[in-house]
Amino acid sequence: MSVIQFPKDFVWGAATASYQIEGAWNEDGKGLSIWDVFSHTPGKVVNGDNGDIACDSYHRYEEDIALMKELGIKAYRFSIAWPRIYPQGSGEVNPKGLEYYHRFVDKLIENGIEPYCTLYHWDLPQALQEKGGWNNRETIDAYLQYAETMFKEFQGKIKYWITFNEPWCVSMLSNYIGAHAPGNQDLQLALDVAHHLFVAHGKTVRMFRELGIEGQIGIAPNLYWYEPYSNRKEDVEAARRKRAWYNEWFLDPLFKGSYPQFMVDWYKKKGAEVNIQPGDMEIIKEPIDFLGINYYSGSLARYKENFEDFDCEEIDEGYEKTDIGWNIYPEGLYKTLTWLTETYGPVPIYITENGACYNDGPVDGRVRDQKRIDYLQKHIIQLNRCIQSGVNLKGYITWSFMDNFEWAEGYSKRFGLVHVDYNTLKRTPKDSFYWYRHLVRTNWLDIR
Ligand SMILES: CCOCCOc1ccc(-c2cn(C[C@@H]3NC[C@@H](O)[C@H]3O)nn2)cc1
């Protein structure tokens, strides 16, 4: 047996997001979000699931926070539902929305849990979508008004802010692939959405500094590691394009103030280009305090002429997969974080999402999710490798605290340390909850 000790100030946490857990979709003055509309549209979500009730955390947050306290986490990452604050996206504030999040945040702080708040985790007010959503540059101004309201309202309570969760999902998955809300399938639109998110991010960081808000601010891209199938030039270049689709495109602007030129050229061949206005790139690279990284998986990539968008195919190398079909590739986490540090410097990093989908349920009142424990252990071991290799890693926030609405997969896919029975809403800590509690309490991992 060997033991891995983490730094004494290493932050252990767990994460969720508003639309995925809250429910109360039309309560207390909340406006419609694009996910209310998308999930209510037949055929968009597995089993026709929606977030109308979800985990009912809007009403059960005190029970959830009591479980978080039992888990012993120091950080809880959650998101604000923008339509609870501005039901029409801008204009009149909804006082009941603010009141809810004050009660929630106060309860976290009362229990010694640091709130890590994501301002945008995909639930755009539908009223803004009807005016073009993120394809309309004016949405940037609505986002700035929302962010300013939250900064001023929660000054001194919330000290860790994340502007956007997974810009790749908001742009590519939601506006090119079309699997998520609002479900568009247009590459030019996806590039425009990504750019507007970046401009909104940069302006928000600048405003955060100008207001002198106490705390730190960052963004949370999801990164994916594509390893070349061979060292043949065409395989190396194919993997580089596929990696850049997920990674460089969403990191270069933040740290270099430019998009990766080889990808700009590639997209131009596909008939799409970024519409950059004077001053945009300077705004986007406004320095951040930390980077949140969401990592789940990776795969081997091999050149294949005229295949899909990047002349690149993924090779199923026989890695074990989770119940959502993603490869278990812990080495990819090490490769991603060391590559990121080598490329962009020692930016402080929190893993803001990492976890596994396993659909185990209770048997005799216990959820035996050993595979999730194995997944978490394999990835947490890689974190220690990263720290030893000079990655400026500050913490690990697992996805997810509890089973919840997994977007287009609905409730069919479970990522939680806590099992949720969606018929009774009963919460049952899984074996992984107790495993993670031991890690959080001791700050070390014993590898059997
Ligand atoms: C090429 C075709 O692809 C079709 C589906 O493609 C994807 C890609 C990525 C995802 C995905 C889901 N998650 C977990 C969430 N992260 C945020 C949090 O809300 C979790 O629920 N991360 N990435 C889903 C689908």
Side-chain angles (χ1 to χ4, degrees), residues 13-22 33-35 38-39 44-46 49 51 54-55 57 76-81 116-124 162 164-181 183-185 187 190 219-226 241-243 245-247 250 292-299 301 307-310 312-314 316 321-327 329 332-333 336 350-359 372 375 379 397-417 420:
T16 63
S18 47
Y19 189 78
Q20 295 182 271
I21 67 164
E22 289 179 355
S33 78
I34 58 173
W35 267 96
F38 193 76
S39 67
K44 297 297 186 186
V45 179
V46 167
D49 291 343
C55 307
S57 289
Y76 177 60
R77 179 180 175 233
F78 65 99
S79 76
I80 303 284
Y116 279 60
C117 179
T118 306
L119 283 167
Y120 188 79
H121 201 125
W122 307 354
D123 39 1
L124 182 74
I162 292 167
F164 290 96
N165 184 69
E166 300 184 350
W168 180 89
C169 286
V170 180
S171 54
M172 290 298 166
L173 186 57
S174 307
N175 287 283
Y176 181 43
I177 295 167
H180 281 193
N184 298 314
Q185 294 184 298
L187 182 59
I219 187 171
N222 55 307
L223 307 183
Y224 197 94
W225 191 261
Y226 287 97
R241 285 192 294 272
K242 202 74 186 274
R243 253 200 328 262
W245 179 45
Y246 261 99
N247 306 343
F250 296 93
I293 297 297
N294 296 357
Y295 174 88
Y296 289 92
S297 185
S299 62
F307 184 73
E308 294 182 344
D309 295 301
F310 302 101
C312 178
E313 63 176 343
E314 293 186 31
D316 187 342
K321 295 177 177 21
T322 63
D323 285 355
I324 200 169
W326 300 348
N327 293 330
Y329 185 31
L333 178 55
T336 300
Y350 290 88
I351 299 299
T352 37
E353 282 183 33
N354 173 250
C357 171
Y358 286 109
N359 296 326
R372 176 172 287 103
Y375 175 99
H379 287 78
I397 299 174
T398 189
W399 185 271
S400 176
F401 169 68
M402 63 200 302
D403 294 339
N404 59 60
F405 178 80
E406 181 50 38
W407 309 111
E409 302 289 344
Y411 300 104
S412 70
K413 300 291 184 289
R414 295 176 178 270
F415 279 83
L417 298 179
V420 177

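Keep in mind that what you see is a predicted model, and the values were worked out from it rather than measured. All ligand and atom numbering here is 1-based and tracks the order in the structure.
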Would you say W122 has any N or O atom under 3.5 Å from an N or O of ligand 1, going by distance alone?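 N/O-N/O distance under 3.5 Å: no.
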Which heavy atom of the protein is the closest neighbour of [atom], given with residue, atom name and distance?
atom: atom 24 (C) of ligand 1; answer: L173 CD2, 3.9 Å
atom: atom 3 (O) of ligand 1; answer: I177 CD1, 4.3 Å
atom: atom 8 (C) of ligand 1; answer: W168 CZ3, 3.7 Å
atom: atom 16 (N) of ligand 1; answer: E353 OE1, 2.8 Å

Compute the ring centroids of F405 and Y411, then answer whether they are less than 6.0 Å apart.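 Between F405 and Y411, the centre distance is under 6.0 Å.
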When you check the side-chain N and O atoms of [X] and [Y], is any donor under 3.5 Å from an acceptor?
X: N354; Y: Y375; value: yes
X: N184; Y: N175; value: yes
X: Y296; Y: T322; value: no

4.0 Å heavy-atom contact, [X] with ligand 1:
X: N294; value: no
X: F415; value: no
X: H121; value: yes

From W326, Y295, W399 - option closest to atom 23 (N) of ligand 1 by heavy atom: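 Nearest option to atom 23 (N) of ligand 1, by heavy atoms: W326.
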Closest candidate by heavy atom, reference atom 21 (O) of ligand 1, pool E406, E166, H180: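 Among E406, E166, H180, the closest heavy atom to atom 21 (O) of ligand 1 belongs to E406.
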As an exercise, identify every atom of ligand 1 less than 4.0 angstrom from a heavy atom of N165.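 Here the atoms of ligand 1 in question are 17 (C).
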In ligand 1, which numbered atoms sit nearer than 4.0 Å to a non-hydrogen atom of Q20?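 Answer, ordered by atom number: 18 (C), 19 (O), 21 (O).
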Result of checking N165, T398, T16 against R77 for side chain to side chain donor-acceptor pair (under 3.5 Å):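 Answer after filtering N165, T398, T16: N165.
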Does the plane of the ring in Y295 sit parallel, tilted or perpendicular to the ring in H379? Use 30° and 60° as the thresholds.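 Ring orientation of Y295 relative to H379: tilted.
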Go through the steps to decide whether D323 and R414 satisfy the test salt bridge (charged side-chain N to carboxylate O under 4.0 Å, His left out), and finish with yes or no. CA-CA 9 Å; D323 285 355; R414 295 176 178 270; over 6 Å; no
Could you tell me if the side chain of S297 sits less than 4.5 Å from the side chain of Y224, heavy atoms only?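 Yes, their side chains come closer than 4.5 Å.
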Quick check for you: to the nearest 0.5 Å, what is the distance between D316 atom CG and K321 atom NZ?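 That separation rounds to 3.5 Å.
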Part of N404 with heavy atoms under 4.0 Å of ligand 1, whether side chain, backbone, both or neither: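 It is neither part, as no heavy atom is under 4.0 Å.
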Please state which part of Y224 comes within less than 4.0 Å of ligand 1, counting heavy atoms only: side chain, backbone, both or neither.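 It is neither part, as no heavy atom is under 4.0 Å.
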